[in-house]
Structure formats: structure tokens, C-alpha cells
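Everything below concerns the one structure shown next.
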Amino acid sequence: SNLDPHVLVIFGASGDLAQRKLVPAVFELFRGGYLPEKFALLGASRTDFTDEAFRNKVIFENEHFKSDGAKEEEIKAFSEKLFYQDLATYDGEKDIKALADRLKKLDKELGVGRNYIFYLSTPPKLYSTIPAALAKAGLNNNQDAWARLIVEKPFGYNEQSAIKLNREIQEHFPENTIYRIDHYLGKETVQNLLVTRFANGFFEPLWNRNYVQSVQITAAETVGVGSRGGYYDESGAMRDMVQNHLLQVLAHVAMEPPIRADAPSIRNEKLKLFQSLRPITKKDVKTHVVRGQYTEGITSEGKEVAYRDSPGVPEKSKTETYVAMKFFIDNWRWAGVPFFVRTGKCLPLKLTEVVITFKNPPQAIFAEYDDYAMSCDNQLIIRIQPDEGMALEFGMKVPGEGFRVKNVDMDFFYRDLTKNDVPEAYTRLLLDCMKGEPTLYARGDSVEAAWAFVDPILEAWEKDEVPLYSYPAGSWGPLQADALWSGGLGNGWRNPT
Ligand code: BG6
């Protein structure tokens, strides 16, 4: 490994994310030989663990710890890199002092040095106070060493709070040391959107208003809120999925070519894209956005209780578990092209995909042979997950008399590219941060711009100016979402089976 020695400090280490994603991701890096020889992971949270109890929880007794094919010695060697520091509160002066002492001790004993990544996987209200406490203890900038901060989502609650949070953190950590994580950017297929567009000569010339009829992005989930009701009810689908993950996917689909594939160039283009979203004003919300909440039903996961009956969710909750929206991008490339985005819990499939629908040829000259020829969709379907890959659909002549046309597809599966599993998002993102490579993290200004776009919608919902529709768990969401396509905008949502 050519990475600098460092310590990864995870605040909130006894929580769900550390167990499900972070520790398994660091293990992947360890196994792949990416971690520097001198490395430690220091878990920090309020639970009173010894190092050993922590290792048991996140490694040996962790059902999410994927060790397929790993040797016992390997797991043991990894476990010896994990340590734990308990904190009475996360941001108390005494606590951070104890943390600083512990870091010093680790350096003394293991020579892991004084480069730090601080990972905030805590309740969001601590996102501004922990950096301030770290600064007080001098942990934000030691001479000859670096300190980086990874901040989990949600980054802010609306534009105003995101601006405030940016300011507060930037007081102690310069922007180029702040890594706002959006795990969708760590997905191979989301990164591949850039390669598909900008490494090929034949997609990009068609990628504009002259040839594209519509663009739709769907992120469907089969699960309900499960035990996350407390968090989710404060959040809802718009804050949980659209403001961050789906707008980031949109940016990769729609941004202008960056002048180089580096962080400033790519992030500048993303910001520009967010700035060119035509605002959905309060009066447009009714016609451009549909919100829904699931009621009882059967999904592929089994019987699901109504959202309102889920633990942690108030009986009269008006939080959306589904959102579908239509909007436009007011720039040279996309003028007039409708974009559709939807996401929801308790839908029939777990799948994220982007569909680019191309315009029909100017004349339907085979229409007399086949009605189908009239509606033959030229679509590029980009499967973000599962079955990562891409299909191009187009019409071919049916063998035999006349000129009947049938839709066929050319299908590429990402897994054919590699013998290994497609890397997990968190693995890639953590490695990037260890390298000091921020391209796949969100920059402060673009997070604010993304909030600015969704804010008026959230406000209209809060004032209850538009209906909240219900949909049975296991369905494709409220039927009202189909109406977003009316007025000749296209053939509607693609609901794969
Ligand atoms: C998380 C959301 O950020 O993303 C969850 O908080 C959601 O509600 C999850 O289920 C979806 O991620 P993925 O990678 O499973 O598509």
C-alpha cells in the first residue's frame, strides 16, 4: 500500500452503520492489501466497550461481517488493528481530551502516526459540535500531518441548515478536508455513467434535446421502514433519497462534460447542473410532484404493516414513503426535455435504474404492417442495481413477410467485466478518503444547491397544500404518478417485472 499511515476514528462505532457497512468495508481494504502497514481503526461511542468487546461486536459476532474465503489468521490480524474509546458525550471537553490521549498512545505503541480520518456516523445534531470539539483539542490540524472529516448523511435538513452546517464545520476544517459521503457515488454503475457518456463517441452526440425524448430515474425498494421509523419519519423519501442519492445520479446523467476527470472539474459541472434545475415553485408542486405513503400489503419480503403502524412512526404521520416528480433543466443541452424521478419503499422490486428514451424517427413508415412500430421505444436502460449493466432497446424486423417490427435488446452485464464481485460503495469511498481523493464526495456548495431545489416542495408538503396519497405495500405507488407524463411527454414509467 502506498497510503500514508493513519488512524480512522469512527464516531458512533457501536451503531448500525459501522457494523453493517464500515467495518466490513475496512476489512475488504485490509484483505486487498490497500491499508498501510501502520494503521488503526479507533471506534468511539457512548457504549462502554473494551477493545475486545468492540472487536467481538463488529467482527466476530457481526452477521454483516463478510469473510467469505477469509482465513482465520487474516480476520484475527485485522481485529488487532481495532481499538475502542468510550465517550460519555461525544463532544465534551473531557471526552475529546481522552480521545486525544488515546490517539497519542496508539502512536507511541504502534507507530501509526498522527494522520487522522474522523468519521461522523452519529446523530446529525453532533455534526457541528464534534468538529468544534476536535478543534479545541488541536486534532483538526497537527503540523506535518493531515486530518480529514467524513460526514454522513443527512447533511442538513433544508438549504438554510445546510448553509449553517457548512459554515460551522468549515470554521474548523477547510473545505478540502471535508468529505460529505453519499454512498450512491461509490456505486460502480453510478461512476460508470461518466465513462459511458464521456469515453464513447456514439452516446454523447445523442445525449441532448435533439434526440432525447425523456429521462427517468427510478430507485425502488421492497423493504418498509422496519425499525428505522424514528429516523425516517423526520426525513421521508425526499430527504432520505432524492435530495442526495438521486440528484447525484441525475448529475452524472445530465451534467456537461468536465474539462478533466478530476475533483474540481467534475464538481464544478455538478454544481452548474443543480443550478440549472428549473425551480418547482410552490404553485407547481401539485402538478409536478406526487407524494405517497404505503398502507398495509404484501411485498416480496412478506406481509407489511402500514407505515403509520410501524414502530417509531406517529399514528397520523404525513411523512412520504414515496415520491415521484417531473422537472426540467433550463440549459442549452436539455431545454424542453422532461426528467422524471421516483423512489419509494414497499414497491414490487428492489431496483435502481436510469432510462433514456430517444425520440422516434420522423416518419413511421412501417405503421401499416404493425401498430407496434409506431411506439417502438428506443431506450437505453442503465441498471444501477441489481444486475448492474446496461441494455439498449431498439426495433428489428420480424422475419417473414411484410415489415413487422419488434423491440429487441442488446444487454450488457457488468459482472462479465470482472471475476470479482463489484466492489461495495463504502469500500471505494473509504479508500478514496484515505488517499485524499474527494471526487466522489459531495462538495458543500452543491449540497446547498440540491437543497434549494427540493425546499419549496418540502415547504408545500409541510403546509399540506397538496394531497398525500396512499398506496398498498407491494404496488408501484399511487396511480396519480402516471399523470405526471400527461401532455405528450412520453410513454410513462417503466415498471420492470
Ligand atoms: C440510505 C437510506 O441512504 O439508502 C435508506 O437512508 C435506503 O432508506 C438506502 O434504504 C438505499 O441504499 P441502497 O444502496 O440499498 O440502494
Side-chain angles (χ1 to χ4, degrees), residues 12 15-22 24-25 28 64 66 119-124 127 150-157 179-193 217-250 252 291-294 299-301 304 307 310-313 317 319-323 341-354 382-388 414 421-430 440-442 447 450-451 454 473 477 496:
D16 189 55
L17 186 74
Q19 211 168 335
R20 270 190 312 119
K21 300 283 185 189
L22 304 182
E28 279 307 301
H64 305 283
K66 273 191 265 139
Y119 196 121
L120 305 185
S121 171
T122 62
Y127 291 173
I150 302 184
V151 190
E152 257 303 327
K153 63 172 277 242
F155 196 93
Y157 190 74
Y179 291 71
R180 296 170 193 79
I181 204 162
D182 185 313
H183 80 280
Y184 268 57
L185 290 174
K187 292 183 192 281
E188 277 290 335
T189 40
V190 174
Q191 296 158 37
N192 186 51
L193 282 164
I217 302 175
T218 294
E221 293 187 272
T222 50
V223 293
V225 288
S227 56
R228 296 169 77 220
Y231 152 77
Y232 194 86
D233 201 65
E234 295 287 308
S235 173
M238 186 68 102
R239 290 190 171 94
D240 188 50
M241 291 290 291
V242 178
Q243 183 274 338
N244 36 57
H245 305 326
L246 296 183
L247 289 184
Q248 289 293 339
V249 173
L250 171 76
H252 282 207
R291 59 170 171 162
Q293 188 189 74
Y294 65 83
T299 72
S300 59
E301 316 266 325
E304 185 72 41
Y307 174 71
S310 307
V313 176
S317 167
T319 297
E320 79 288 357
T321 61
Y322 171 98
V323 44
V341 166
R342 67 177 166 163
T343 183
K345 300 270 186 208
C346 290
L347 300 187
L349 291 174
K350 163 89 182 162
L351 139 159
T352 303
E353 68 173 27
V354 178
I382 301 164
R383 292 185 303 269
I384 305 289
Q385 60 186 28
D387 273 344
E388 288 81 355
Y414 217 67
D421 287 344
V422 175
E424 278 275 333
Y426 275 96
T427 310
R428 166 67 197 265
L429 293 175
L430 277 170
L440 298 177
Y441 286 84
V447 173
W451 277 118
V454 302

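Both ligands and their constituent atoms are indexed starting at 1 by order of listing. Hydrogens, waters and symmetry mates are skipped; everything else that's a heavy atom, side chains included, is used. Index from 1, following the sequence.
With T343 contributing its side chain and A219 its backbone, the two residues share a donor-acceptor pair below 3.5 Å.
Residue contact check: K187 has heavy atoms under 4.0 Å from atoms 13 (P), 14 (O), 16 (O) of ligand 1. For ligand 1, the atoms sitting less than 4.0 Å from at least one non-hydrogen atom of H183 are 1 (C), 3 (O), 4 (O), 12 (O), 13 (P), 14 (O), numbered in the order shown with element in parentheses. Close contacts of ligand 1 with K350, meaning ligand atoms under 4.0 Å from a residue heavy atom, involve 13 (P), 15 (O), 16 (O). The contact set between ligand 1 and K345, taken as ligand atoms under 4.0 Å from a residue heavy atom, comprises 5 (C), 7 (C), 8 (O), 10 (O). Atoms of ligand 1 found under 4.0 Å from any heavy atom of D240 (numbered from 1 in listed order, with element): 2 (C), 5 (C), 6 (O), 8 (O). Interface atoms of ligand 1 facing Q385, defined by a heavy-atom separation under 4.0 Å, are 13 (P), 16 (O). Interface atoms of ligand 1 facing K153, defined by a heavy-atom separation under 4.0 Å, are 1 (C), 2 (C), 3 (O), 6 (O). Numbered from 1 in the order shown, with element, the atoms of ligand 1 that lie under 4.0 Å from a heavy atom of H245 read 1 (C), 3 (O), 4 (O).
A donor atom on one side chain and an acceptor atom on the other are not found under 3.5 Å apart for Q293 and T321. In summary, the side chains of Y119 and E152 do present a donor paired with an acceptor at a separation below 3.5 Å, with no hydrogens or angles considered.
L430 and Y441 make their closest contact through N-OH, 3.9 Å (heavy atoms, listed as atom of the first residue, atom of the second, distance). Contact detail for D233 and V313: the closest heavy-atom pair is OD1-CG1, 3.7 Å.
Note: H245 and Y184 have parallel aromatic rings, judged against thresholds of 30 and 60 degrees for the angle between ring planes.
Among the atoms of E221, some N or O lies under 3.5 angstrom from an N or O of ligand 1. When only interatomic distances are considered, the shortest N/O to N/O separation between T352 and ligand 1 does not fall below 3.5 Å.
In summary, K153 and D240 engage in a salt bridge, as defined by a charged side-chain N under 4.0 Å from a carboxylate O.
Here Y184 has side-chain heavy atoms under 4.0 Å from ligand 1, and that is the only part of it that gets that close.
A distance of 4.5 Å separates CD in Q191 from CG in L440, rounded to the nearest 0.5 Å.
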